[in-house]
Structure formats: C-alpha cells, structure tokens
Amino acid sequence: MERCPWSEGFELYRRYHDEEWGVPLRDSRALFELLMLEGAQAGLSWATILKKRESYRKAFDGFDPVRIAAYGPEDEARLMADAGIVRNRLKVNGVIRGARAYLAMEAAGTRFSDFVWQFVGGEPLQNHWASLAEVPASTAVSDAMSRALKKAGFTFVGSTICYSFMQAAGLVNDHLVACARHKAVRRLAGGAARAQAPKRHGGAASATIAPDESGSA
C-alpha cells in the first residue's frame, strides 16, 4: 500500500496515517482532544505527541472539559510533575483555558463541532496534492479559524496549528493523490470535491508532521 511519505518510519505513525489522519471527525469531545494535542506539539514533532497520547488522556481525565475546567493549583502541579506529557506550563495552562473556553462556547449554544466545521462549510475540502512540497502549512481558512479560536479564549491555536488540526480531523483531505488513503478518505467524506487554494506552502515538517508555531499562544 502506498502511503504519504511522512507516515513511514515507525508502526504507530503508519497506523495513525492508515486509520485516523484525515478521517472526518465530528464529535465535539474528540475534536477538543485533538486540538489540545495539536497545541501541545507546538515546536515539537507530532510523533512525540502521538507516543504520549495515552499518557495525555490519563493525565487530563480523558480530555473531559468539565473536569479539566475545574482544575486548580494542585492539578497544575501534578501535571507539571508528570513525565508522560510535555511539561510546559504555558501548554498545560492552555489545556485548562481551552476547556473553559469550550464550556463557555457550548453554554452559549454553540456545539464545538459546529464551530469547527463552519470554516469549511460543513463538508471536507478535497485537495489533490501530488507531492509534500505542494501541501500548505496554513491557508486563509486556518487563519480565520485561528482568529476565532483566540477570540473565544483558546491558546496555542496559531494558523499553522489550526491547519494541522484541520488535516488530522478531516476538514481537509491532504493525503497525496498517490496515497491509497486519499480515495478512501474522500469516500468517507461523501465524495465532496471542493478544492482549497493554498496561501503559502511548506514542506513535510511544517505541513503534515511537526508545525513549529512560533508565538502560537
């Protein structure tokens, strides 16, 4: 099976590529978890976060926004002592702030899933990239999502992080056309074929694996 080149290297990455990456995700809690993990990888590689994902789920109570929003100083101290996650105080606090922003949004009557998917009109954008060099690191759509998330109170949601989140959550189909998953993901999306014009381009590291989002907080 031909895969996107970034997924080769170790089995966990291949499974993630083959089973999760690019599949349209519409569950609000799952989207919240993914956005928080994408923020955690700022300046690092997605491989690092993927290896720590189960530790993150345990440390952050399964990414339950209600439980996380109630965290206090003792919880912050516990998280900063947890070697299973990235012990960066700004990132830890970012998850807590994100949970509170999530709950405020839903209390105001907006489902987080609806909020996220509005930026692509409710349906995945179908791209047709032939090589990793064509894949953008961010777009006008991710710019808009970033601004809206920051306004809502989220942190570590710069445009590059948002585009990586969009790729992972299936808001865009960025599997290369030669990859077997491109057609499979397109079928899961219902065959929609709206293309997105990139704003700027980046290589594999910035577009699909490890965006380094300076100033993303």
Side-chain angles (χ1 to χ4, degrees), residues 1-27 30-31 33-35 37-54 113 116-146 157-213 216:
M1 171 175 150
E2 186 164 353
R3 296 178 172 90
C4 298
W6 63 262
S7 68
E8 301 295 350
F10 59 99
E11 183 58 27
L12 183 62
Y13 234 2
R14 286 190 289 271
R15 290 203 309 270
Y16 175 70
H17 170 274
D18 294 353
E19 299 171 10
E20 297 183 56
W21 196 77
V23 174
L25 184 62
R26 296 183 184 272
D27 179 82
L31 286 164
E33 174 183 320
L34 181 57
L35 183 63
L37 291 174
E38 290 285 354
Q41 76 151 334
L44 304 170
S45 71
W46 181 242
T48 297
I49 303 304
L50 193 59
K51 291 174 182 177
K52 293 177 178 289
R53 181 164 62 169
E54 291 307 318
S113 178
V116 167
W117 279 91
Q118 69 176 316
F119 294 97
V120 292
E123 297 296 335
L125 302 176
Q126 301 296 323
N127 290 324
H128 300 85
W129 312 119
S131 70
L132 290 180
E134 296 179 76
V135 182
S138 64
T139 66
V141 176
S142 66
D143 287 349
M145 180 184 289
S146 173
V157 287
S159 187
T160 303
I161 286 174
C162 284
Y163 193 69
S164 182
F165 168 73
M166 290 170 62
Q167 292 174 311
L171 278 75
V172 294
N173 180 0
D174 271 359
H175 284 281
L176 302 185
V177 291
C179 173
R181 291 294 294 166
H182 184 273
K183 288 183 179 179
V185 165
R186 182 170 178 171
R187 285 195 298 270
L188 289 171
R194 293 185 297 125
Q196 166 179 230
K199 190 187 76 170
R200 58 181 180 269
H201 294 268
S206 62
T208 59
I209 303 177
D212 182 353
E213 185 68 353
S216 58

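All residue numbers refer to positions in the sequence shown, counting from 1. Computed from a prediction, not measured in an experiment: that's the story for all the values here.
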Apply side chain to side chain contact (heavy atoms under 4.5 Å, CB included) to Lys183 and list each qualifying residue two or more places apart in sequence or on a separate chain. Arg187

With distance as the sole test, does Glu38 use its side chain to make a donor-acceptor pair with the main-chain N or O of Ile161 at under 3.5 Å? no

Tell me every residue that passes side chain to side chain contact (heavy atoms under 4.5 Å, CB included) with Glu54, counting only those two or more places apart in sequence or in another chain. Arg57

Partner residues of Glu20 under the side-chain hydrogen bond (donor to acceptor under 3.5 Å, both in side chains) criterion, sequence neighbours left out: Arg53

Under the side chain to side chain contact (heavy atoms under 4.5 Å, CB included) test, which residues partner Arg26, sequence neighbours left out? Ser113, Trp117, Glu123, Pro124

Across all chains, not counting sequence neighbours, the side chain to side chain contact (heavy atoms under 4.5 Å, CB included) partners of Glu19 are Arg15

Please find the pair of heavy atoms, one from Arg181 and one from Leu188, that lie closest to each other, and give the distance. NH2-CD1, 4.4 Å

Between atom CE of Met1 and atom CG of Asp18, what is the distance when rounded to the nearest 0.5 Å? 3.5 Å

Leu50 side chain near Leu37 side chain, heavy-atom distance below 4.5 Å: no

What class does the angle between the rings of Trp46 and Tyr16 fall in, given that below 30° is parallel, 30 to 60° is tilted and above 60° is perpendicular? tilted

Do you know the tightest heavy-atom contact between Gln126 and Asn173? OE1-ND2, 2.9 Å

For Leu132 against Pro5, the heavy-atom pair lying closest together: CD1-CB, 4.1 Å

Which residues satisfy the salt bridge (charged side-chain N to carboxylate O under 4.0 Å, His left out) test with Asp27, sequence neighbours excluded? none

Would you please classify the geometry between the His182 ring and the His128 ring as parallel, tilted or perpendicular, with 30° and 60° separating the classes? tilted

So, taking the atom named CH2 in Trp6 and the one named OG in Ser45, what distance separates them when rounded to the nearest 0.5 Å? 11.5 Å

Separation between CG of Leu35 and CG of Leu25, rounded to the nearest 0.5 Å: 11.5 Å

